[in-house]
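Here the structure is laid out as structure tokens; the discussion comes afterwards.
The first residue of the sequence shown is numbered 1, and numbering continues consecutively from there.
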Amino acid sequence: MTSTHNSPSLIYSVGTQVVALKAVQASDGKAVHPAGAVGVVVRSPRDRNHSYRIRFPDGFEAPLHHHQLMLLAQWKEMPAGQGSSGDSNPALSTYGLFDRVIYRCVVGSRAFGLDTEESDTDRRGIYLPPAELHWSLYGVPEQLENEGSEECYWELQKFLVMALKGNPNILECLYTPLVEYATPLADELLAMRDAFLSRLVYQTYNGYVMSQFKRMQADLRNQGRIKPKHVMHLIRLLLSGIHVLREGFVPVDVGEHRERLFAIKNEEMPWDEIESWRKELHKQFDRSLDESKLPERPDYERANEFLVRARRLAVGEELP
């Protein structure tokens, strides 16, 4: 039923008929089916962080995530005229959710000071859905994506939850110097960004880097090669996490470390030297945790008060 479509724990079962909300591509990048194509779930994920396996009438199968799908039954119940545009998320384009963006910034290499002439411009941000739609049976998606322009906007609550968990990508959105657009409500969020910093940063940053390096060490043994750009950003995360614990501020621009990080990216730094640097940074991270003045937990109460007030403001027609 449509009323449960956006339940955060709902997983479509095998055999469910669904509609693809984006063009379905083959491994070579060519579109095989357009947005709006009907398929059936042949394999369900264990959670929404993993993809479904969808089979289409011609037998072609493709992996798609939950936010890229809609129940066929729900699609049929939509008012006439919806779900037929060429937008990357046609079922929602009529509601103008991209017009509800309250914050847009640039992250990635351009914000880090690691960009080259070939670098993309990665834009991220937040959108606040209108209350009427949020309360409706259709609900709202956790994020909006425009793959052509490298844009992604999270629904406000989703953004706040990830920020409270110390998600590096989200925290960098709050601290990037490259802010392109912010409503008064978004300015208030930026003014309270320190509420999301806590000692949890150690687990999120350090834990992620360690798990990724273990995977890369396996790739080196089995394949003899790793992705140098990924290695560079993992080291950058360690440097950033150490700074957060010591200074209570998320550094985005890499500053003095730019040349060494580029040496990793350009495969000019030997793996042994990279490993040595990484291990030393882990030791610094441990010491920084012991000495950090950050609280044990983020300010959940302050974040919740902000969200409740934002929800009340969403009742109005104008974007706060």
Does a side-chain N-to-carboxylate-O contact under 4.0 Å join E275 and K214?
no
>> Using a strict threshold of under 4.0 Å (side-chain N to carboxylate O), is an ion pair present between E180 and R123?
In response: yes
Heavy atoms, side chains only, cut-off 4.5 Å: are S198 and L164 in contact? no
Is any side-chain heavy atom of L171 closer than 4.5 Å to a side-chain heavy atom of V201?
-> yes
Residues at least two apart in sequence or cross-chain that pass salt bridge (Lys or Arg N to Asp or Glu O under 4.0 Å) with D286, listed by chain then number, are none
Sequence neighbours excluded, the answer for side-chain hydrogen bond (donor to acceptor under 3.5 Å, both in side chains) partners of R55 is E61
Between I170 and M162, the two heavy atoms sitting closest are CD1-CE, 3.4 Å
Between L189 and F306 the two heavy atoms that sit nearest each other are CB-CZ, 3.7 Å
Q. Does W277 share a hydrophobic cluster with V209, counting links as ILVMFWY side-chain heavy atoms below 4.5 Å and allowing steps through other members?
A. yes
Correct closest heavy-atom pair for P298 and L200 would be CD-CD1, 3.8 Å
Quick note, salt bridge (charged side-chain N to carboxylate O under 4.0 Å, His left out) partners involving residues 31-42, not counting sequence neighbours, are none
Inset, instruction - Kindly indicate whether the side chain of L97, heavy atoms from C-beta on, has any atom under 4.5 Å from the side chain of L133. - result: yes
Requested in this report: Evaluate side chain to side chain contact (heavy atoms under 4.5 Å, CB included) for K30 paired with Q25, printing each intermediate quantity in order.
Outcome: CA-CA 5 Å; K30 294 182 179 179; Q25 298 180 333; over 6 Å; no
Across all chains, not counting sequence neighbours, the salt bridge (Lys or Arg N to Asp or Glu O under 4.0 Å) partners of E296 are R199
Between the CG atom in L239 and the CG atom in L234, the distance rounded to the nearest 0.5 Å is 11.0 Å
- W135 reachable from L128 in the ILVMFWY side-chain graph, under 4.5 Å edges: no
One should read off an interatomic distance between F56 CZ and I54 CD1, to the nearest 0.5 angstrom, of 6.5 Å
Checklist line | Hydrophobic cluster identity match, L174 and L237, side-chain contacts under 4.5 Å | finding: yes
side-chain contact (heavy atoms from CB on, under 4.5 Å) filter on A111, not counting sequence neighbours, yields T176, L178, V252
query: So, do N266 and P228 sit near enough that their side-chain heavy atoms are less than 4.5 Å apart?
result: no
Working for side chain to side chain contact (heavy atoms under 4.5 Å, CB included), residues H233 and F112:
CA-CA 10 Å; H233 283 300; F112 303 147; 3.5 Å; yes
Residues 260-270 vs salt bridge (charged side-chain N to carboxylate O under 4.0 Å, His left out), sequence neighbours excluded, gives R225-E267
Residues at least two apart in sequence or cross-chain that pass salt bridge (Lys or Arg N to Asp or Glu O under 4.0 Å) with E256, listed by chain then number, are none
| field | Student check: side-chain heavy atoms of V107 and N169 closer than 4.5 Å | value | no
Between Q68 (side chain) and H65 (backbone), is there a donor-acceptor pair under 3.5 Å? yes
* side chain to side chain contact (heavy atoms under 4.5 Å, CB included) between F98 and Y127: does it pass, once the steps are laid out? -> CA-CA 7 Å; F98 278 96; Y127 86 96; over 6 Å; no
Report yes if the side chains of S276 and E273 come closer than 4.5 Å at any heavy-atom pair, otherwise no. no
All heavy atoms of Q143 vs all of C152, minimum pair found to be NE2-SG, 4.0 Å
Where the side chain of H243 meets the backbone of F249, is there a donor-acceptor pair that is under 3.5 Å apart? yes
Original post:
For Y12, does its backbone N or O pair with a side-chain atom of T16 as donor and acceptor, under 3.5 Å?
Top reply: no
Residues at least two apart in sequence or cross-chain that pass ring pair (Phe, Tyr, Trp, His ring centres under 6.0 Å) with Y300, listed by chain then number, are none
Check for me, please, whether V32 and V18 land in the same ILVMFWY cluster - side-chain distances under 4.5 Å, paths through other members count.
yes
W154 and F159 aromatic ring geometry - parallel, tilted or perpendicular at 30°/60° bounds:
tilted
Separation between CD (E151) and CZ (R104), nearest 0.5 Å, reads 7.0 Å
For S44 and V41, the nearest pair of non-hydrogen atoms, with its separation, is OG-CG1, 3.5 Å
Linked, directly or transitively: L185 and V161 (ILVMFWY side chains, under 4.5 Å): no
Flag side-chain contact, heavy atom, 4.5 Å: V250 against L197
yes
Correct closest heavy-atom pair for V101 and T183 would be O-CG2, 4.4 Å
TODO: Could you check if a side-chain atom of P57 sits within less than 4.5 angstrom of a side-chain atom of V38, using non-hydrogen atoms only?
DONE: no
By ring pair (Phe, Tyr, Trp, His ring centres under 6.0 Å), F285 pairs with (sequence neighbours left out) Y202
dist Y205:OH -> N167:CG (nearest 0.5 Å) comes out at 8.0 Å
Would a distance-only check, ignoring hydrogens and angles, find a side-chain to backbone donor-acceptor pair under 3.5 Å from D120 to D122?
-> no
Original post:
Cation over ring, R124 on Y153, under 6.0 Å and within 45°?
Top reply: no
Set out, in order, the CA-CA distance, both residues' side-chain angles and the distance that settles salt bridge (Lys or Arg N to Asp or Glu O under 4.0 Å) for E280 and R287, then state yes or no.
CA-CA 11 Å; E280 174 56 33; R287 290 195 297 270; 3.6 Å; yes
Kindly say whether S288 contributes a backbone atom to a donor-acceptor pair with the side chain of R246 at under 3.5 angstrom?
no
Residues pairing under salt bridge (charged side-chain N to carboxylate O under 4.0 Å, His left out) where one sits in residues 229-244, two or more places apart or in two chains, turn out to be E172-R236
Residues at least two apart in sequence or cross-chain that pass salt bridge (Lys or Arg N to Asp or Glu O under 4.0 Å) with R297, listed by chain then number, are E301
d(H50 NE2, R43 CZ) to nearest 0.5 Å is 10.5 Å
Applying side-chain hydrogen bond (donor to acceptor under 3.5 Å, both in side chains) to H134 and not counting sequence neighbours gives none
The reported gap from CG in L281 to CG in L238 (rounded to nearest 0.5 angstrom) is 5.5 Å
| Does the pair Y103 and Y181 meet the rule for a side chain to side chain contact (heavy atoms under 4.5 Å, CB included), with working shown? | CA-CA 5 Å; Y103 180 63; Y181 172 73; over 6 Å; no
Notebook entry, point to check: Do S292 side-chain atoms and L245 backbone N/O form a donor-acceptor pair below 3.5 Å?
Noted result: yes
Query raised in the report: Counting only heavy atoms not in R302, do more than 12 sit closer than 6.0 Å to its CZ atom?
Result: yes
